[in-house]
Amino acid sequence: MRRALALLALLGACRRPAPAPLVLLVSWDTTRADALSCYGGPDARTPVADALAARGVRFAMALAASPTTLASHASLMSGLDTHGTRVVRNGFPVPEDVPLLAERLRDAGWDTLAAVSAFPLEADMGLARGFRRYEDHAWLGWFGEYAVPADDTVETALDLLDDRRPGRPVFLFVHFFAAHRPWTLSLI
């Protein structure tokens with residue numbers, strides 16, 4: 001219940017009138033469309049994802065550029081395929097010469113924030129370029145953990161929104177990795 005309320009709070013933050021735009025990009029790693037009711041999953045019950053889809057942009061079709069997290073996100077954030085990014089799988093950092101969305105938005109005056117949930121996207125892998133704050137919880141790796149629970153990621157995203165720069169448009173990237181763990185996720 002706490003996780004669902006936290007994500008609803010995040011959704012509510014996106015609904016509040018703001019002096020500048022807020023673009024929220026949510027990535028649910030390894031989550032198939034039929035696991036979400038907004039995509040017609042017959043047994044899916046995902047009211048928060050449904051509300052996000054109803055108020056935002058929901059793409060009817062999307063293909064991952066790669067079956068691995070980092071390569072797919074490098075393509076998503078650059079607009080290039082995996083040949084263009086030269087990121088073939090997890091563990092191959094995004095080269096410095098690959099332009100990223102957050103860099104372009106930052107250069108255009110946007111406040112750029114990210115809360116990511118797993119080691120493939122930790123800052124050292126290069127996707128952090130252009131983000132003013134990129135919260136990856138990489139320190140968890142010291143304790144053998146490879147992912148942050150979804151409720152912790154939501155709390156981090158809410159903290160980032162609290163820290164946004166007033167009057168500037170905001171780009172907030174939130175990445176969830178929880179689908180990789182035992183399926184106990186109740187917040188989507």
Side-chain angles (χ1 to χ4, degrees), residues 3 6-7 10 23-36 39 41 44 46 49 52 57-59 61-106 112-160 171-188:
R3 289 176 274 183
L7 191 57
L10 178 59
V23 173
L24 171 65
L25 174 60
V26 178
S27 168
W28 287 303
D29 207 293
T30 312
T31 302
R32 295 187 341 223
D34 64 356
L36 303 170
Y39 282 98
T46 54
L52 281 171
V57 177
R58 181 187 64 84
F59 293 93
M61 167 88 173
L63 297 173
S66 170
T68 62
T69 300
L70 181 58
S72 283
H73 284 81
S75 290
L76 175 69
M77 293 296 191
S78 70
L80 302 171
D81 65 15
T82 55
H83 296 285
T85 65
R86 301 182 311 279
V87 177
V88 295
R89 64 178 178 270
N90 294 337
F92 286 75
V94 180
E96 289 286 328
D97 64 333
V98 173
L100 298 174
L101 176 61
E103 292 174 306
R104 291 178 183 201
L105 290 172
R106 176 204 59 208
T112 51
L113 309 166
V116 302
S117 292
F119 76 94
L121 299 185
E122 66 186 29
D124 291 348
M125 292 293 105
L127 282 183
R129 284 196 337 262
F131 284 98
R132 180 175 65 85
R133 290 195 51 200
Y134 190 92
E135 300 296 331
D136 64 1
H137 302 281
W139 56 268
L140 281 175
W142 300 339
F143 302 103
E145 290 289 323
Y146 66 92
V148 176
D151 55 341
D152 293 349
T153 302
V154 169
E155 289 177 29
T156 299
L158 292 171
D159 289 345
L160 288 170
F171 172 59
L172 173 62
F173 169 53
V174 182
H175 168 259
F176 294 101
F177 201 74
H180 287 272
R181 293 185 171 209
W183 192 255
T184 58
L185 185 64
S186 63
L187 68 92
I188 61 171

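When reading the values below, keep in mind they use all heavy atoms of this one structure, side chains included, and skip hydrogens, waters and symmetry mates. This chain uses plain numbering: 1 for the first residue, then up along the sequence. Predicted model only: the values in this text are computed from it and were never measured.
- You'll find the side chain of T69 reaches within 4.5 Å of the side chain of F177, heavy atoms only.
- In this structure, CZ on R133 lies 4.5 Å from CG on L160, to the nearest 0.5 angstrom.
- In plain terms, the two heavy atoms of A74 and V87 that are nearest each other are CB-CG2, 4.0 Å.
- Within 6.0 Å of CZ on R89 lie no more than 12 heavy atoms contributed by other residues, nucleotides or ligands.
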(message) Let's go through S78 and T85 carefully: what are the C-alpha distance in whole Å and the side-chain angles of both, what is the deciding distance for side-chain hydrogen bond (donor to acceptor under 3.5 Å, both in side chains) to 0.1 Å, and is it a yes or a no?
(response) CA-CA 8 Å; S78 70; T85 65; 5.7 Å; no

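- Between the T112 side chain and the G130 main chain, a donor and an acceptor come within less than 3.5 Å of each other.
- Using a 4.5 Å heavy-atom threshold, the side chains of L76 and L25 count as touching.
- Here the closest heavy-atom approach between residue A115 and residue A157 is recorded as CB-N, 4.0 Å.
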(request) Before giving the answer on side chain to side chain contact (heavy atoms under 4.5 Å, CB included), spell out for L101 and F173 the whole-Å C-alpha distance, their side-chain angles and the decisive distance to 0.1 Å. (result) CA-CA 11 Å; L101 176 61; F173 169 53; over 6 Å; no

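- Side-chain atoms of R86 and D97, non-hydrogen and from C-beta on, do get closer than 4.5 Å to each other.
- With values rounded to the nearest 0.5 angstrom, L52 atom CG is found 12.5 Å from R58 atom CZ.
- Side chain of S66 to backbone of T68: a donor-acceptor contact under 3.5 angstrom is found.
- Interatomic distance, CG of D29 versus CZ of F176, reported as 11.5 Å (0.5 Å rounding).
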(request) Mind running side chain to side chain contact (heavy atoms under 4.5 Å, CB included) on M125 and V94 for me, showing each step along the way? (result) CA-CA 6 Å; M125 292 293 105; V94 180; 5.9 Å; no

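- Listed for the D136 side chain is no donor-acceptor partner under 3.5 Å among the backbone atoms of V116.
- Rounded to the nearest 0.5 Å, atoms CZ (F131) and CZ (F171) are 4.5 Å apart.
- One finds the CG atom of L121 at 6.0 Å from the CG atom of L127 (value rounded to the nearest 0.5 Å).
- How far CZ of F119 is from CG of N90: 5.5 Å, rounded to the nearest 0.5 Å.
- Using modelled atom types, no side-chain atom of T82 and backbone atom of V88 make a donor-acceptor pair closer than 3.5 Å.
- Ring-plane geometry between H73 and H175 is classed as perpendicular, the angle between the planes exceeding 60 degrees on a 0 to 90 degree scale with a lower cut at 30.
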